[in-house]
J.: 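Just dropping this structure here.
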Protein chains: 2
Amino acid sequence: MPRSNSPQGRTGRPPLTSRAQILEGARRVIDRDGWEKLTVRRLAAELGIGATTVYHHVKDREDLLILLINEKAAQTPRPELPADPRGRIIVAATAIHDTLGGWPWAAEVLTADGFIARLDEPALWMAEAILDGALECGCTRAQAVDVFRNLWYYTIGEIFVRASSSGRPVPKTPFFDGIDESELPHLAAVGDEWPVLASRDIYPEGLRAFVEGLLSQALPEAS
Amino acid sequence: MPRSNSPQGRTGRPPLTSRAQILEGARRVIDRDGWEKLTVRRLAAELGIGATTVYHHVKDREDLLILLINEKAAQTPRPELPADPRGRIIVAATAIHDTLGGWPWAAEVLTADGFIARLDEPALWMAEAILDGALECGCTRAQAVDVFRNLWYYTIGEIFVRASSSGRPVPKTPFFDGIDESELPHLAAVGDEWPVLASRDIYPEGLRAFVEGLLSQALPEAS
DNA sequence: ACCTGAACACCGTTCAAGT
DNA sequence: ACCTGAACACCGTTCAAGT
């Protein structure tokens, strides 16, 4: 796994494949076949190289995904951050949500512990903005990190559910079939309405509610 | 995939393997080798049968996991539900969290759209309790479903992150290495403290904050 | 009706060897 | 230094055939 910006003294066979080409091929596979089909072997086939060659340019599959995420983040323009600190938190969390919404596979890699240390600066401004907003609201540093983590859990959970729901057959009706009405009256009452209700996007409102709750818990006597 | 409780007129070769034996074997594999190792082939090997035989008793891998979840839920005792409706929401969500915390693989299957319709009654009382609590707090039915979904996203997100963090090498220090201090001052200030802060369990407090936020948003003028 | 091995169409990763 | 095919150790699932 050589660095592209290696020191002067190069020797040996010149590279035929660059890291940039690998990332480009990965993007092509994702765009054409969907991210489930992005495998090391298929990527190699796309580039017309041996599967093993890929391992000379990226450490492993996870490394490939992290590189792809950082590249994507670098290309995504940052939204304007409002003056209101709560607004900044909301805008930053929504930016995470929107970015990952189109790339649900990224969420998979981003659940790993310490993932945040592997991200580059363009991907980290969102975390910074959330910390900044929470601190300006009066949170301690630890509380601000808690706010970030809690919003992260919520956001990633929503994306996972959305990701595994899309591309599935529409749930059949009757929905709660054979449910015990006396034991589960409310679920029975919702019944076939469930799929309809569950298809609504509630992230923006849920996020707002969560931010309110987190801040008022952290600062019970705020001005 | 024959039903165990099939009607009287049975003919042909008697079954050597039952669905119950399959689930038992699956539990053994999970307990001994970890859930990542629960594959159809390994399960068959555990039982000393051909991999293809498994498909006579369960539809596919996902079906196997759903059966396992329903079995687990049936064995888990239900906690006492407090009289306070908010308390009921918290207790039910915490029960989901605790149950899935030990079975992170279940979360994978439970993100699928319409998964809730495939659960049996013992697994559904938690959803019922959350709806019940929200309705008693004055929510409409749609709002109550929103409360459930939002808490579900948060809970499943926390479990995913926890699951992929456990069993990993402890993140190296310095944590945010080579970070741009002028661009990301708060992240730089947290620095090596991040892994310590991130290892704290914040689910209970986050849940409480979220419930507060959701209910006060749904009922702005509540008594 | 139930069970089977063989086969299909894949995975990620390592290793010794070639250029 | 870079690239390779072969190999290792797996996957889920289907299908035609056996008992």
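A, B, ... follow the sequence lines: proteins, then strands. Residue 1 opens every chain.
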J.: Give T39(B) one of three labels, base, sugar-phosphate or nothing, depending on what nucleic acid heavy atoms sit under 4.0 Å from its own.
T.: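 The residue T39(B) makes sugar-phosphate contact but no base contact.
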J.: Take atom P in dA9(D) and the same atom in dA9(C), then report the distance between them in whole Å.
T.: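 Roughly 24 Å separates the two P atoms.
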J.: Just how far, in rounded Å, is C1' of dT13(C) from CG of L43(A)?
T.: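 The answer, rounded to whole Å, is 15 Å.
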J.: Please give, in whole Å, the distance from dC2(C) P to Q21(B) CD?
T.: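 My rounded result for the distance is 13 Å.
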J.: Can you tell me how far P of dG12(D) sits from CG of L65(B), to the nearest Å?
T.: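 Interatomic distance, CG of L65(B) to P of dG12(D): 10 Å.
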J.: Measure the distance from CZ on R42(A) to C1' on dA9(C) and round it to the nearest whole Å.
T.: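 Nearest whole value for this atom pair: 11 Å.
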J.: Select one nucleotide: of dA6(D), dG5(C), dA7(C), the one nearest the side-chain heavy atoms of R41(B).
T.: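 The nucleotide sitting nearest to the side chain is dA7(C).
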J.: Identify the heavy atoms of G206(B) and L214(A) that sit nearest to each other, and give their distance.
T.: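 For G206(B) versus L214(A), the nearest heavy atoms are CA-CD2, 4.4 Å.
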J.: Could you state the CG-P distance from D63(B) to dT13(D), rounded to the nearest angstrom?
T.: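 From D63(B) CG to dT13(D) P: 10 Å.
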J.: Counting only Watson-Crick pairs (N1-N3 plus N6-O4 or O6-N4) and G-U wobbles (N1-O2, O6-N3), all under 3.5 Å, who is the partner of dC3(D)?
T.: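 The base-pairing partner of dC3(D), which may sit in any strand shown, does not exist here.
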J.: Do any side-chain nitrogens or oxygens of H57(A) fall under 4.0 Å of OP1 or OP2 in dC3(D)?
T.: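 The answer is yes; a side-chain N or O of H57(A) sits under 4.0 Å from OP1 or OP2.
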J.: Regarding R61(B), tell me which of base, sugar-phosphate or nothing describes its non-hydrogen contacts under 4.0 Å with the strands shown.
T.: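 Counting heavy atoms under 4.0 Å across all strands, the contact made by R61(B) is with sugar-phosphate only.
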J.: Taking atom types as they are modelled, is there a donor-acceptor pair under 3.5 Å from the base of dC2(D) to the side chain of H56(A)?
T.: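 Result: no qualifying N/O pair found.
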J.: Taking atom C1' of dC11(C) as reference, at what distance in whole Å does atom CD of E62(A) sit?
T.: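 Going from E62(A) (CD) to dC11(C) (C1'), I get 17 Å.
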J.: Counting heavy atoms not belonging to E205(A), are there more than 12 under 6.0 Å from its CD?
T.: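 No, not enclosed.
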J.: Would you mind reading off the distance between R19(B) atom CZ and dA1(C) atom C1', rounded to a whole angstrom?
T.: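 Computing the R19(B):CZ to dA1(C):C1' distance gives 15 Å.
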J.: Would you tell me whether Y203(B) and T94(B) have side-chain atoms, one donor and one acceptor, within less than 3.5 Å of each other?
T.: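 No, no side-chain donor-acceptor contact under 3.5 Å.
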J.: Picking from dT4(C), dT13(C), dC3(D), which would you name as closest to the side chain of V40(A)?
T.: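 Minimum distance to the V40(A) side chain belongs to dT13(C).
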J.: Using Watson-Crick or G-U wobble geometry with both distances below 3.5 Å, tell me the partner of dA17(C), or none.
T.: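 Partner of dA17(C): none.
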J.: Would you say the ring centroid of Y153(A) lies under 6.0 angstrom from that of F160(B)?
T.: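 Centroid distance Y153(A)-F160(B): not below 6.0 Å, so no.
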J.: Taking the C1' atom in each of dA7(D) and dC11(C), what is the distance between them to the nearest angstrom?
T.: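 Each nucleotide's C1' atom is 14 Å from the other's.
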J.: Rounding to the closest angstrom, what is the interatomic distance between dC10(C) and dC8(D) at atom C1'?
T.: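 Straight-line distance between the two C1' atoms is 15 Å.
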J.: Looking only at the side chain of Y55(A) (C-beta and beyond, no hydrogens), which of the listed nucleotides dG5(C), dT13(C), dT13(D) gets closest?
T.: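 Among the listed nucleotides, the one closest to the side chain of Y55(A) is dT13(C).
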J.: What's the CD-C1' distance between E36(A) and dG12(C), to the nearest Å?
T.: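 It is 18 Å, rounded to the nearest whole Å.
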J.: Identify the nucleotide, in any strand shown, that forms a Watson-Crick or G-U wobble pair with dG12(C), with both distances under 3.5 Å; if there is none, say none.
T.: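 With both distances under 3.5 Å, dG12(C) matches dC8(D).
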J.: Counting side-chain heavy atoms from C-beta on, which of dC3(C), dC15(D), dC11(D) comes nearest to T53(B)?
T.: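 Output: dC3(C).
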J.: State which of dT4(D), dC11(D), dT4(C) makes the closest approach to the side chain of T52(A).
T.: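 The answer is dT4(D), which lies nearest to the side chain.
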J.: Only one of R28(A), K37(A), R41(A) forms a salt bridge (Lys or Arg N to Asp or Glu O under 4.0 Å) with E46(A), so which one is it?
T.: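 The passing option is R28(A).
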J.: Between R141(A) and E193(B), which heavy-atom pair has the shortest distance, and what is it?
T.: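 Shortest heavy-atom separation between R141(A) and E193(B) comes out as NH2-OE1, 3.3 Å.
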